[in-house]
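From a predicted model like this one, the values you see are computed outputs, not experimental measurements. Residue numbers count from 1 along this sequence.
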Amino acid sequence: MAKVVIIGAGGVGTVVAHKCAQNPQVFTEIVLASRTRSKCDAIAAKIGSNRITTDTVDADSVPQLVELLRRHKPDMVINVALPYQDLTIMDACLECGVNYLDTANYEPKDEAHFEYSWQWAYKEKFEKAGLTAILGCGFDPGVSGVFTAYAAKHYFSDMEYLDIVDCNAGDHGKAFATNFNPEINIREITQNGRYYQDGKWVTTGPLEIHKPLTYPNIGPRESYLLYHEELESLVKNYPSIKRARFWMTFGQEYLTHLRVIQNIGMARIDEVDYNGVKIVPLQFLKAVLPNPQDLGENYHGETSIGCRIEGRDKENKHLTYYIYNNCSHEEAYRETGMQAVSYTTGVPAMIGAMMFLTGKWNMPGVHNVEEFDPDPFMEQLSVQGLPWHEAFNLDLEV
């Protein structure tokens with residue numbers, strides 16, 4: 001039915017390639033491209049599908065991206081490269097007439113700043129070109145937005161309080177490792193926290209606000225308030241929301257290492273001079289930390305990610321609602337060779353592409369996932385390995 005180019009051969013790209021290959025009725029041709037072709041070749045060989053071809057591209061270069069897309073002529077690009085590269089890939093898609101999907105919003109390389117304004121500015125260009133761009137189609141952002149849209153469609157007349165909760169209760173046996181790109185991960189969690197309250201954004205210190213929350217099949221875990229990009233689009237698209245927050249769990253050993261990394265200057269993203277060579281400390285740290293792609297083999301436990309929502313139901317009665325997915329690291333590894341954090345991002349990216357290619361999410365312009373019909377996406381979540389669960393009228397703890 002369709003041809004896709006997947007850009008990025010990390011843990012998430014590996015999962016996306018696996019899941020696309022599992023759905024040949026939709027993805028008839030798959031091209032996997034990254035800066036290092038040997039990574040793509042290894043993934044393709046492991047999947048063993050003769051429908052996956054590989055290529056090389058520098059996603060920082062619009063001319064290289066344009067050459068790639070003109071040669072392969074895909075229906076859609078699935079961008080699982082670095083967030084710094086979102087705009088160059090979007091530019092290339094516009095030049096070549098290709099639809100676009102990503103899992104994380106653009107951020108400039110020299111500033112840890114997360115907002116959708118840069119990508120939303122492309123809305124008119126994609127509309128005029130008759131192309132669809134789907135933003136933030138991982139789990140959070142991604143499924144968290146679809147969960148919210150599903151709640152709004154089926155249960156709520158007004159959603160007033162939204163808390164997105166993300167727990168990784170897994171153990172990989174390493175003293176310190178990040179579950180996705182270390183540079184992106186550390187930039188994200190060392191920034192000030194931010195949440196939405198009564199029409200305004202409230203800024204907090206990094207990890208300043210925290211409390212124990214109870215996660216299904218896991219139990220209580222200390223959860224820390226962070227800023228996460230889907231909050232920006234969700235409060236825009238659901239103006240009844242009075243407060244929106246994002247919570248994530250961290251173990252004490254992880255936080256101790258993180259504090260040391262910051263205290264000794266290794267979290268810096270500006271250049272320093274080392275023996276006459278300019279290096280970025282955080283990029284150097286990334287080079288010596290464990291590769292997130294290599295964590296899966298010894299990873300045990302599970303993740304639990306969901307939305308806790310409070311508001312008025314369709315009959316204007318008070319309602320609390322919790323919708324979530326739990327994902328096993330061991331099961332994710334058995335299926336794709338990657339741990340659950342990569343799996344929970346890669347599976348929704350494939351489903352989002354499936355939604356577009358089957359005509360269910362086709363809307364020219366630049367859109368966040370909650371702007372589309374959630375029902376067909378939700379149906380595929382369980383089919384593709386991420387079953388979801390609901391609970392009503394319980395104590396949300398937030």
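- Remark: Asp375 engages Lys153 in a salt bridge (charged side-chain N to carboxylate O under 4.0 Å, His left out) (not counting sequence neighbours).
- Between Ile218 and Cys167 the shortest heavy-atom distance is CD1-SG, 4.0 Å.
- Within 6.0 Å of NZ on Lys123 lie more than 12 heavy atoms contributed by other residues, nucleotides or ligands.
- Heavy-atom minimum distance, Ala391 versus Leu394: O-CD2, 3.7 Å.
- Taking every heavy atom of both residues into account, Leu357 and Ala2 meet most closely at CD2-CB, 3.6 Å.
- Note: Leu87 CG to Leu94 CG = 10.5 Å, rounded to the nearest 0.5 Å.
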Derivation and outcome, side-chain contact (heavy atoms from CB on, under 4.5 Å), residues Val146 and Thr148: CA-CA 5 Å; Val146 177; Thr148 304; over 6 Å; no
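- Put simply, the side chain of Asn316 never gets that close to the backbone of Arg312: no donor and acceptor are under 3.5 Å apart.
- Listed for the Thr132 side chain is a donor-acceptor partner under 3.5 Å among the backbone atoms of Met363.
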Tyr321/Asp313 under side-chain hydrogen bond (donor to acceptor under 3.5 Å, both in side chains): CA gap, chis, key distance, verdict: CA-CA 10 Å; Tyr321 175 69; Asp313 69 11; over 6 Å; no
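- Judged purely by atom type and a 3.5 angstrom limit, Thr336 has no side-chain atom pairing as donor or acceptor with the backbone of His18.
- Thr36 places no side-chain N or O within 3.5 Å of a backbone atom of Lys39 that could act as its donor or acceptor partner.
- Using a cut-off of 4.0 Å between Lys/Arg side-chain N and Asp/Glu carboxylate O, Lys211 and Glu397 are scored as not salt-bridged.
- Looking at every heavy atom in both residues, Leu32 comes nearest to Ala17 through CD2-CB, 4.5 Å.
- At distances below 3.5 Å, at least one donor-acceptor pair connects side-chain atoms of Asn99 with backbone N or O atoms of Asp75.
- Aromatic ring centres of Trp118 and Tyr106: separated by under 6.0 Å.
- Within the 3.5 Å criterion, the main-chain N or O of Leu82 finds a donor-acceptor partner in the side chain of Gln85.
- Between His329 and Tyr333, a ring centre-to-centre spacing not shorter than 6.0 Å is recorded.
- Side-chain contact of Asp86 with Asn79: a donor-acceptor pair under 3.5 Å is present, judged by distance alone.
- Atom CD of Gln197 has more than 12 heavy atoms from other residues, nucleotides or ligands within 6.0 Å.
- Of the charged side-chain nitrogens involved, none lies within less than 4.0 Å of a carboxylate oxygen, so that Lys242 and Asp198 do not count as a salt-bridged pair.
- Between the Asn325 side chain and the Pro387 main chain, a donor and an acceptor come within less than 3.5 Å of each other.
- Annotation: cation-pi geometry not satisfied between Arg221 and Tyr215 (NZ/CZ under 6.0 angstrom from ring centroid, within 45° of ring axis).
- Here the side chain of Lys19 pairs a donor or acceptor atom with the backbone of Gln384 at under 3.5 angstrom.
- Under the 3.5 Å distance criterion, the side-chain polar atoms of Thr345 are matched with a main-chain donor or acceptor of Val341.
- Ring planes of Tyr155 and Tyr150: perpendicular class, angle over 60° (limits at 30 and 60°).
- When the shell of 6.0 Å around CZ of Phe392 is examined, it contains more than 12 heavy atoms from other residues, nucleotides or ligands.
- A salt bridge does not link Arg308 to Asp163: none of the charged nitrogens lies less than 4.0 Å from a carboxylate oxygen.
- Residues passing the ring-ring contact (aromatic ring centres under 6.0 Å, His included) test with Trp247: none are found, sequence neighbours excluded.
- Tested against His228, the residues Phe139, Phe246, Tyr196 include a single ring pair (Phe, Tyr, Trp, His ring centres under 6.0 Å) partner, Phe246.
- In this pair, Tyr322 and Tyr324 present their aromatic rings tilted. The plane angle is within the 30 to 60° band.
- Under 4.0 Å is where a charged nitrogen must lie from a carboxylate oxygen, and between Arg334 and Glu330 no such pair does.
- Panel note: side chain Thr358, backbone Met354; a donor-acceptor pair is recorded below 3.5 Å.
- Checked for salt-bridge contact, Lys236 and Glu232 miss the test: no charged N lies under 4.0 Å from a carboxylate O.
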